[in-house]
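Okay, so here's the structure we're looking at.
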Amino acid sequence: MSEFRSKLGVEGGGGGGFYYYGICTAGGMLSAGATHLAVTPLDVLKVNMQVNPIKFHSIASGLSTLWKEEGPSSLWRGWSGKLFGYGVQGGFKFGLYEFFKTQYNDMLTNERRSVVFFLSSASAQVFADIALCPFEAVKVRVQTQPNFAKGLSDGFPKLYAREGIPGFYKGLLPLWGRNLPFSMIMFTTFEHSVDFIYRKIVQRRKEECSRAQQLGVTCAAGYTAGAVGTIVSNPADNIVSSLYNKKANTVLQAAKNIGLVNLFTRSLPIRVALVGPVVTLQWFFYDSIKVLNGLPTSGGHNRGD
């Protein structure tokens, strides 16, 4: 058991107990909420590029159009949904990932590490998206429909009055379709990237490196994980925006309207610019919080082979 936990990076500072999972949950909540809040202007542009690609056809012109037509405040529409929605999602995602990683590895002792990473991230993301979905439903409408609401405080009651509880979860399936592949690829890529960097580039065990060096490895692996996950999840992200803005009534109709090529390419540059740094900062803040609380950074075998 101790060897297994060492491989998964949960040794020390609670060893996978309540303290460890509590710190991971709090770290995920703070890191995800803060980083998503910081890139709200890019998220506003991304959603508008998906809903109205003719008008918002590039990053530079899109930002200029929003600024000229709706003022600088338009770039921060939906900030509360970003802060609180993705904060809650981050807490579930990171905290439950660490929990499920321990549980699955106890049960699947003979399986490859990638299987454990896939299952752990998928299980955590299911619950994380259930928590996120109501916030996302309001956020997307606020960002693309200026007259809908100012934020969560008036957006939640207005959406409930119009569509009831189902209105908050209309996009849950495509949200899972976007975030489950992203999360599975992101966490697995991160774990293997950390392991690769220590074994092949740094060529030292993680515990032999300084905390600053460990956080540097975290950032490099985080950016790699974010970029790969973004490409995989882009089709579902376009479908989510289409459904929330009533451009289509079903997933199949949205996919048909957007077109196969556009599913993969529409808003991809802005998403790479958005998600790569966000994921990198998330992992950096997340691991910094763990380090400040006496826990090891994430990922890696923690052994010399």
Side-chain angles (χ1 to χ4, degrees), residues 1-39 86-87 89-102 105 113-114 116-117 120-121 124 183 185-229 275-305:
M1 177 66 70
S2 60
E3 180 185 359
F4 151 65
R5 293 196 174 185
S6 176
K7 289 180 181 180
L8 291 184
V10 298
E11 72 286 359
F18 177 79
Y19 175 81
Y20 179 80
Y21 298 129
I23 293 298
C24 291
T25 299
M29 182 176 294
L30 292 172
S31 62
T35 51
H36 277 89
L37 173 64
V39 295
Y86 283 90
Q89 186 209 41
F92 276 90
K93 181 169 66 174
F94 283 92
L96 287 178
Y97 172 73
E98 299 289 355
F99 172 77
F100 282 123
K101 188 166 67 170
T102 302
N105 224 346
R113 295 172 68 235
S114 294
V116 174
F117 298 149
S120 302
S121 54
S183 186
I185 294 296
M186 189 271 287
F187 275 104
T188 303
T189 302
F190 176 84
E191 297 272 8
H192 287 301
S193 295
V194 169
D195 187 45
F196 176 83
I197 292 171
Y198 280 118
R199 289 192 296 111
K200 301 297 185 180
I201 300 176
V202 179
Q203 296 183 347
R204 280 187 292 166
R205 299 170 64 191
K206 183 166 71 174
E207 56 266 32
E208 295 173 349
C209 299
S210 68
R211 292 305 191 195
Q213 290 171 326
Q214 291 181 29
L215 290 174
V217 172
T218 291
C219 290
Y223 190 86
T224 301
V228 174
V275 177
V278 165
V279 172
T280 305
L281 287 173
Q282 274 186 28
W283 279 109
F284 174 73
F285 290 149
Y286 175 66
D287 270 359
S288 295
I289 292 170
K290 290 173 69 176
V291 167
L292 290 174
N293 285 275
L295 300 177
T297 55
S298 303
H301 278 288
N302 294 333
R303 56 190 178 123
D305 59 351

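Sequence positions, counted from 1, serve as the residue numbers for this chain.
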* Asked: In this structure, are over 12 heavy atoms from other groups packed under 6.0 Å from Phe92 atom CZ?
  -> no
* **Minimal non-hydrogen separation, Ser114 against Thr188, with atom names** => OG-CG2, 4.2 Å
* Under the 3.5 angstrom rule, does the side chain of Lys206 hit a backbone N or O of Gly299 as a donor-acceptor pair? -> yes
* To do: Would you indicate whether the side-chain heavy atoms of Tyr20 and Lys290 approach each other to under 4.5 Å?
  => yes
* **Thr280 vs Phe284 side-chain heavy atoms within contact, under 4.5 Å** => no
* Could you give the distance from CD1 (Ile185) to CZ (Phe117), rounded to the nearest 0.5 Å? -> 13.0 Å
* Structure fact -> Applying side-chain contact (heavy atoms from CB on, under 4.5 Å) to Val202 and not counting sequence neighbours gives Ile197, Tyr198, Arg204, Cys209, Val217
* **Check: Met186 main-chain N/O paired with Thr189 side-chain donor or acceptor under 3.5 Å** => no
* **Heavy-atom closest contact (Ser31 atom, Gly27 atom, distance)** => OG-O, 2.7 Å
* **Side-chain donor or acceptor of Asp195 paired with backbone N/O of Glu191 under 3.5 Å** => no
* Which atom pair, heavy atoms only, marks the closest approach of Ala124 to Leu96? -> CB-CB, 3.6 Å
* Asked: Hey, what's the ring geometry for Tyr97 with Phe187, parallel, tilted or perpendicular (30° and 60° as the breaks)?
  -> parallel
* To do: Indicate the atoms forming the closest heavy-atom contact of Thr25 with Gly95, along with that distance.
  => OG1-CA, 3.4 Å
* In Å, rounded to the nearest 0.5 Å, how long is the span from OH of Tyr21 to SG of Cys24? -> 8.5 Å
* **Pairwise side-chain contact, Ser121 with Phe100, heavy-atom cut-off 4.5 Å (strictly under)** => no
* **Gln282 CD to Lys93 NZ distance, which is reported to the nearest 0.5 Å** => 5.0 Å
* **Donor-acceptor under 3.5 Å (Asp287 side chain, Ser298 main chain)** => yes
* Structure fact -> Closest heavy-atom pair, Leu295 versus Arg211, reported as atoms and distance to 0.1 Å, is O-NH2, 4.2 Å
* In terms of ring plane angle, is the pair Trp283 and Phe190 parallel, tilted or perpendicular, where the classes change at 30° and 60°? -> parallel
* Structure fact -> When rounded to the nearest 0.5 Å, the distance separating CE of Met29 from CD1 of Ile289 is 11.0 Å
* To do: Test side-chain contact (heavy atoms from CB on, under 4.5 Å) on Tyr86 and Thr35 and set out the steps.
  => CA-CA 9 Å; Tyr86 283 90; Thr35 51; over 6 Å; no
* Please report the shortest heavy-atom distance between Ser193 and Ala221, naming the atom on each side. => CB-CB, 3.7 Å
